Amino acid sequence: MMQGKNIAIGITGGIAAYKACDLVSRLKQMGANVKVAMTQAATEFVTPLTLQSLSGNPVVTGMFDRPAQWEIEHIAMAKWADLFVVAPTTANLIGKLAAGIADDFLSTTLLATRAPIYLAPAMNTQMYTHPVVQANMQKLRELGVQFIEPVTGRLACGDVGPGKMADVDVILTTLENAFERVQDYLGRRVLITAGPTREAIDPVRYLSNHSSGKMGYALARAAVRRGAAVTLISGPVALEPPAGLEKLIRVESADEMYRAVIDHYQEQDFVIMAAAVADYKPKTLSGQKIKKTAEPFVIEFVKNIDILAELGKSKMQQKLIGFAAETQNLEEYARAKLLQKNLDLIVANDLTQEGAGFGVDTNIVKLIDRYGKIEDVPLMSKSDLGDFLLDKIKQL
Ligand code: CTP
């Protein structure tokens with residue numbers, strides 16, 4: 001799978017740089033073409049000569065190196081790469097990329113490339129968990145950069161915690177998966193809903209829920225990257241929509257979401273309802289702001305249409321994927337929803353588990369298919385889970 005692929009490796013200044021030597025060597029053994037760019041700091045940990053010998057190509061370290069054959073080197077490398085990996089990635093590089101700073105060869109090339117970028121962070125736990133680093137990572141994720149998450153372990157500084165670079169084996173598997181997934185959704189039409197809905201009570205108030213839209217947006221981003229024509233129907237969220245969508249439709253209420261979904265249902269191959277649709281709306285919408293009066297204050301609610309159940313009734317070629325967010329009896333409730341809504345797959349979310357569900361960047365889910373097969377999916381970032389779910393959905 002790696003045979004003949006052009007892989008650009010960036011190395012930044014961390015002790016895990018020595019592992020990059022193994023990574024380069026293994027990629028070469030797998031038949032890939034490898035070119036390496038190192039930051040100045042990286043050259044303090046391993047020598048360019050080592051990586052030149054392992055990769056069989058000149059190693060670029062400075063913006064103004066003069067290669068034997070003159071090209072505008074950072075643009076040449078940016079275009080040459082089928083995939084870009086930075087291992088290890090320091091907090092500094094993450095920060096620079098998130099801010100669009102290009103002050104050396106590696107950061108300039110990363111800005112110039114349109115190849116998929118994979119970053120394998122390695123740093124001290126305190127740095128890794130620092131809110132500014134986490135915010136930078138989140139921003140980059142939203143822009144489509146992939147992270148190969150570090151693991152918890154004993155760090156070179158003696159601290160124990162997350163920040164240790166992922167094993168070379170894990171990095172290689174991620175890259176192999178990336179190539180396998182490249183454009184595997186080409187020609188497929190995917191409709192994804194995301195975020196909460198808002199059910200207006202009066203001109204200033206609404207009923208809603210804590211959905212952030214992160215799971216749906218991660219799915220949309222992964223589906224676009226893999227070649228699908230993606231229609232994203234989104235409730236109000238604070239996220240940057242992925243580039244390359246076929247269509248983005250912003251809605252507020254469940255009724256609006258329903259109409260948008262129905263308008264685009266017929267031509268889809270897959271419909272993934274990741275939105276947290278409000279089950280109820282106020283029976284009457286007050287045209288004027290409701291003034292405070294006596295207690296108790298009562299609002300009467302009526303049921304919203306169940307979008308997914310409606311889709312299930314008129315299913316043709318479409319595969320339907322639902323989510324079930326539960327706080328108890330996860331399997332039982334999820335299975336009931338799968339049957340009742342005539343779904344092909346349901347992604348069941350246990351909201352009581354730490355690292356799962358609303359607002360957070362990770363998720364822990366169970367998958368249940370039409371035949372009752374259950375698969376436990378371990379904790380992973382929503383971005384990785386997006387790809388994982390698309391791998392499963394493809395097989396439906
Ligand atoms: N859903 C929908 N329309 C609704 C409510 C839910 O399409 N009016 C979809 C959700 O997008 C999700 C699935 O149905 O994919 C299950 O949603 P969930 O809120 O977990 O279940 P409900 O069917 O609403 O049941 P309950 O609230 O009783 O758990």
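Quick note: numbers below take in every heavy atom, side chains included, and nothing from hydrogens, waters or symmetry partners. As the structure is a prediction and not an experimental result, all values here were calculated from the model. In each ligand, atom 1 is the first atom listed, and ligand 1 is the first ligand listed.
Taking any N or O of D279, backbone or side chain, at least one lies under 3.5 Å from an N or O belonging to ligand 1. At a 3.5 angstrom cut-off on N or O pairs, I307 counts as close to ligand 1. In terms of polar-atom proximity, defined here as any N/O pair under 3.5 Å, M273 does make such a contact with ligand 1. Distances between N or O atoms of A275 and those of ligand 1 include at least one value under 3.5 Å. By the 3.5 Å distance cut-off applied to N or O atoms, A324 is not counted among the residues near ligand 1.
Taking a cutoff of 4.0 Å between a charged side-chain nitrogen and a carboxylate oxygen, R141 and E149 qualify as a salt bridge. We find that R226 and D391 are joined by a salt bridge, their nearest charged nitrogen and carboxylate oxygen being less than 4.0 Å apart. Comment: R259 does not engage E256 in a salt bridge, judged by the lack of any side-chain N to carboxylate O separation of less than 4.0 angstrom. Here E300 pairs with K283 in a salt bridge; the nearest charged N to carboxylate O distance falls below 4.0 Å.
For the pairing with M2, the side chain to side chain contact (heavy atoms under 4.5 Å, CB included) check across N33, V34, D82, I7 returns one residue only, I7.
Checking atom 28 (O) of ligand 1 against the protein gives no heavy-atom contact under 4.0 Å.
Taking every non-hydrogen atom of A325 and a distance limit under 4.0 Å, the qualifying atoms of ligand 1 come out as 20 (O). Each of the atoms 15 (O) of ligand 1 lies under 4.0 Å from some heavy atom of G322.
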Please evaluate residues D387 and R225 with respect to the criterion salt bridge (Lys or Arg N to Asp or Glu O under 4.0 Å), reporting the C-alpha separation (whole Å), side-chain torsions for both, the decisive distance (0.1 Å), and the verdict. CA-CA 10 Å; D387 271 313; R225 177 167 32 77; 2.9 Å; yes

E142/K139 under salt bridge (Lys or Arg N to Asp or Glu O under 4.0 Å): CA gap, chis, key distance, verdict: CA-CA 5 Å; E142 287 174 18; K139 180 172 176 193; over 6 Å; no

Take I346 and K341 through the side chain to side chain contact (heavy atoms under 4.5 Å, CB included) test and state the conclusion after the steps. CA-CA 10 Å; I346 194 152; K341 303 186 191 206; over 6 Å; no

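Closest to atom 7 (O) of ligand 1 among all protein heavy atoms lies L308 N, 2.8 Å. Counting only heavy atoms of the protein, atom 2 (C) of ligand 1 lies nearest to D306 OD1, 3.5 Å. Of the protein's non-hydrogen atoms, K341 NZ, 2.5 Å is the one closest to atom 23 (O) of ligand 1. Nearest protein heavy-atom contact of atom 18 (P) of ligand 1 is K337 NZ, 3.4 Å.
Nearest residue to atom 12 (C) of ligand 1 from Y280, F323, Y258 is F323 (criterion: closest heavy atom). Around atom 8 (N) of ligand 1, the closest heavy atom drawn from I305, L343, N349 belongs to I305.
Put simply, CG on D22 and CD on Q29 are 8.0 Å apart, with the number rounded to the nearest 0.5 Å.
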